[in-house]
Amino acid sequence: MNRRYRKTIIAGNWKMNKTASETKKFAEELKTLLPKAKWCDVVVCVPAVNIPAAIKAFKDMRVSVGAENVFYEKSGAYTGEVSADMLKDLGVKYVIIGHSERRQYFGETDVTVNKKVHAALEAGLHPIICVGESLEQRELGITMELIALQVKSALAGVPAEKLRRCVIAYEPIWAIGTGKTATAEQAAEVCTFIRTTVRHLYGARIARSITIQYGGSMKPSNAAELLAQPDIDGGLIGGAALKPTEFVDIINAANQE
Ligand code: PGA
């Protein structure tokens with residue numbers, strides 16, 4: 001983390017978990033546990049149908065609500081999809097784009113990720129753009145090339161003034177939901193590389209101000225070490241974000257000096 005130049009953001013990614021009533025219960029419990037001092041921003045990304053419940057439940061807490069996906073067209077005959085304007089209108093602030101599960105199971109590509117980033121920014125949302133390599137790609141030694149490609153394609157055509165609203169999450173696929181966390185060194189190496197890539201594209205000032213998260217089995221026991229890395233400015237947390245106590249432990253780790 002480097003709070004002087006950029007925000008620390010701890011974001012939960014609930015994936016396809018929790019009903020609207022469970023959302024309310026989670027918020028009530030979280031409220032009693034959240035630390036008073038504010039150092040990091042807290043975001044909870046919930047399934048689309050739970051967004052209204054989440055907006056209501058987190059209203060009086062300093063917790064922003066995020067979506068887990070968005071479609072890139074503004075409106076029209078796209079059965080089952082949700083537009084960026086619809087999210088914004090509900091009070092959503094962040095949206096996860098290009099999560100590896102969406103790339104793997106729902107056919108998302110670097111091209112659709114880029115279109116979604118543009119749509120989200122256009123609507124005034126803050127995209128959390130996910131990038132990350134598979135185990136095979138890591139073993140082939142092509143992690144950095146792949147990450148550069150994903151970052152550059154996601155940001156293609158995004159002007160500098162809008163980049164300030166983007167968050168990049170480095171999520172090695174082999175660490176997601178596996179309990180296998182990247183070591184702090186592995187995570188830091190890629191996050192630093194992402195910042196360098198942004199610097200080449202947008203210059204030093206903007207690269208210094210962008211929030212880069214790590215995601216992949218982040219939990220209370222490893223959060224402090226990961227967040228101590230200068231280029232890791234927060235976390236995108238799946239499993240451990242489903243339990244208020246664990247989520248708060250990670251928030252507390254981010255609140256350490
Ligand atoms: P995990 O998920 O923390 O359960 O590994 C992270 C993510 O997929 O964003």
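Quick caveat: nothing in here was measured; it's all calculated off a predicted structure. Counting starts at 1 for both ligands and their atoms, following the listed order.
- Protein heavy atom at the shortest distance from atom 2 (O) of ligand 1 is Lys15 NZ, 3.3 Å.
- Between Gly239 and ligand 1, a contact under 3.5 Å exists for at least one N or O pair.
- Between Ala240 and ligand 1, not a single N/O pair is under 3.5 Å apart.
- The pair Glu29-Lys243 does not count as a salt bridge, with every side-chain nitrogen at least 4.0 angstrom from each carboxylate oxygen.
- Near His99, meaning under 4.0 Å from one of its heavy atoms, ligand 1 places the atoms 7 (C), 8 (O), 9 (O).
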Inset, instruction - Tell me, with the steps shown, if His99 and Glu171 meet side-chain hydrogen bond (donor to acceptor under 3.5 Å, both in side chains). - result: CA-CA 8 Å; His99 189 280; Glu171 297 210 309; 3.2 Å; yes

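- Scanning the protein for heavy atoms near atom 3 (O) of ligand 1, the closest one is Gly238 N, 2.9 Å.
- Using a 4.0 Å cut-off between a side-chain N of Lys or Arg and a carboxylate O of Asp or Glu, Asp231 and Arg208 do not qualify as a salt bridge.
- No more than 12 heavy atoms of other residues, nucleotides or ligands lie within 6.0 Å of CZ in Arg205, so this atom counts as exposed by the packing criterion.
- Where the criterion is an N or O separation shorter than 3.5 Å, residue side chain and backbone included, Gly177 meets it with respect to ligand 1.
- Close approach of ligand 1 to Gly216 is summarised as follows: ligand atoms under 4.0 Å from at least one heavy atom of the residue are 5 (O).
- Ion pairing between Lys15 and Glu101 holds under the 4.0 Å rule for side-chain N and carboxylate O.
- Counting all heavy atoms, side chain and backbone alike, Lys74 lies closest to Ser83 at O-CB, 3.4 Å.
- Note on ring orientation: taking the six-membered ring where Trp is involved, the planes of Phe26 and Trp14 are perpendicular (angle over 60°, cut-offs 30° and 60°).
- Within ligand 1, counting atoms from 1 as listed, the ones closer than 4.0 Å to a heavy atom of Ala175 are 5 (O).
- The parts of Ile176 lying near ligand 1 are both backbone and side chain, judged by heavy-atom distances below 4.0 Å.
- Atom 9 (O) of ligand 1 has its closest protein heavy atom at Glu171 OE2, 2.7 Å.
- Between Asp110 and Lys152 there is no salt bridge, since none of the side-chain N atoms of the basic residue sits less than 4.0 Å from a carboxylate O of the acidic one.
- Looking at Lys219 against ligand 1, nothing comes within 4.0 Å, counting heavy atoms.
- Near Ser217, the atoms of ligand 1 lying under 4.0 angstrom from a non-hydrogen atom of the residue are 1 (P), 3 (O), 5 (O).
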